[in-house]
Amino acid sequence: MEFISTINAAVNDVVWGPIMLTLLIGAGLFFSIKTKFIQFRKFGFMLKNTILSIFSKKQHEKDDSGVSPFQAVATAMAGTIGTGSIAGIATAVVSGGPGAVFWMWISALLGMVTKYSEIVLSLKYREKNKDGNWVGGPMYYIKNGLNIKWLAALFAIFAMLACLGTGNATQSNSIAIALKSTLGVNPYITGVVLTGIAVAVILGGMRRISAVNEKLVPFMAVFYIVCSVAAAIVNIEKIPEAFALIFKEAFNFKAATGGVAGYGIMLAMHYGFSRGVFSNEAGLGSAPIAHAASSTKSPVQQGLWGMFEVFFTTIIICTFSALVILTTGIWETGTVQGSALSIASFNAIFPYVGGSIVTLATVFFALSTILGWAYYGEVCIEYLSHNSKIAVRIYRCCYIVFVFIGAVGNLDLIWSISETMNGLMAIPNLIGIIGLSKVIKTVTKEHFNSLGNLDKK
């Protein structure tokens, strides 16, 4: 076991080290230039055709081959908005300083176009399975676009393993810990309840998962944002100071004790970029799997939802999490971090109930992630087994078992291995989207030209 842990640690240092983070951020910059910074040029158009049209009939239309565009994005956001939006940001602030929040914003602004690119390709190269449903994702655009089948299979293997850990066991573990620490709930009770929910939803496949997430995701997002806004209003006089601190520390070239000049900014950039990527998953290739199930015929239209997804997850939700932490000042003690820091910060603003707010948010976020990643893994095993229904059923059963294991077990090694698999997913995915960058540019240009919005740039 120790040998496995040592090997995994070495691989993890590479896949989540400076080189990989540079590649992920570099990919965002590359596609920003390639599309002439579409995330800025078409920002208003994106809002108009996503969140501002959420109640239109078009966003909820579906047919027998797929789910509605909004159900697809709800499932993708369910998989994306996890405990990283709470605990991850707290860790970034403590370890990288307030300046990490600024670099988190930069990673999101670049990640918006990376995720857009992934989703455009996912719909462009998707297929219909034996049941007549749309399936897609990195393995499909690597296979059908680049014709590199072994690389496509490699992504599917990494993603499937990450689903069992990062998207499942570690999430149920977070729920169990939160409920035990604040409400004293026995982890075994939590495990049984979560397993029951998983059985009821996951065995119904994508349609049931998307139907649940369509209701769960908006509710959990609104709940957390309302609570965060209320907390910000209580400490409203400290908000300007918090923003000033973020910008000041983002470019802090002062040397740390015994260190070298510039270490402060390097630390802020590292934690800002890493936690930003962790919060929105741009470049990892997970969310395109859910978006590919959409019944929409336009890759660009669904890609706009991907841009909004990153903006909402990191720029909106994570920023509110950061402001609550920064305005209380508890982070400066350095004695608490992760979800404990978020709980302490909310408790400082809302005594007695603050911890419950974070606990409920953790439960909602983690539960939605469990449901969202269940579908990701199902598509991966379906791809690897050539649409074997038996393989899918076995996978579903294993996934449900991991929900219970996560709630009651010690997951240090599983968490570490899952994080490594999560990072390894990015390698074949980045090769795929960069190799097909001309397709992304062409599809984007054709879409806007067809609308009469000539995209000559």
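The two residues Pro138 and Ile289 come nearest to each other via the heavy atoms CD-CG1, 4.1 Å. For Val101 against Ala322, the heavy-atom pair with the smallest separation is CG2-CB, 3.8 Å. Pairing each heavy atom of Cys380 with each of Ala159, the nearest pair is SG-CB, 3.5 Å. When all heavy atoms are compared, the tightest approach of Thr314 to Met104 is CG2-CG, 3.5 Å. The two residues Trp305 and His291 make their nearest non-hydrogen contact at CB-CE1, 4.1 Å.
Legend: residues meeting ring pair (Phe, Tyr, Trp, His ring centres under 6.0 Å) with Tyr125, ordered by chain and number and at least two apart, are absent. Every ring pair (Phe, Tyr, Trp, His ring centres under 6.0 Å) that Phe273 has, sequence neighbours left out, goes to Trp103. Residues passing the side-chain hydrogen bond (donor to acceptor under 3.5 Å, both in side chains) test with Thr313: none are found, sequence neighbours excluded. Evaluation of the ring pair (Phe, Tyr, Trp, His ring centres under 6.0 Å) rule for Phe320 yields no partner, not counting sequence neighbours.
For the residue pair Gln302 / Thr296, no side-chain donor-acceptor distance below 3.5 Å is found, with atom types taken as modelled. Between the side chains of Tyr116 and Thr35, not a single donor N or O lies within less than 3.5 Å of an accepting N or O.
You'll find the ring centres of Phe364 and Tyr224 outside the 6.0 Å limit.
Using modelled atom types, one side-chain atom of Arg208 and one backbone atom of Ala200 make a donor-acceptor pair closer than 3.5 Å.
Once rounded to the nearest 0.5 Å, the distance linking OG1 of Thr362 with CD1 of Ile357 reads 11.5 Å. Here NZ of Lys149 is found 7.5 Å from OH of Tyr383. Values are rounded to the nearest 0.5 Å. If you take CG on Leu326 and CD1 on Ile89, they are separated by 10.5 Å, rounding to the nearest 0.5 Å.
Contacts classified as side chain to side chain donor-acceptor pair (under 3.5 Å) and involving residues 195-204 (residues at least two apart or in different chains) are not found. For residues 104-114, the set of pairs meeting the side chain to side chain donor-acceptor pair (under 3.5 Å) definition, not counting sequence neighbours, comprises Trp105-Thr319.
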Legend entry - Steps toward side chain to side chain contact (heavy atoms under 4.5 Å, CB included) verdict (Leu164, Tyr395): CA-CA 10 Å; Leu164 294 175; Tyr395 161 77; 4.3 Å; yes
Inset, instruction - For side chain to side chain contact (heavy atoms under 4.5 Å, CB included), just list the numbers for Tyr140 and Val379, CA-CA rounded to whole Å, side-chain angles, deciding distance to a tenth of an Å, and then say yes or no. - result: CA-CA 10 Å; Tyr140 285 95; Val379 174; 4.2 Å; yes
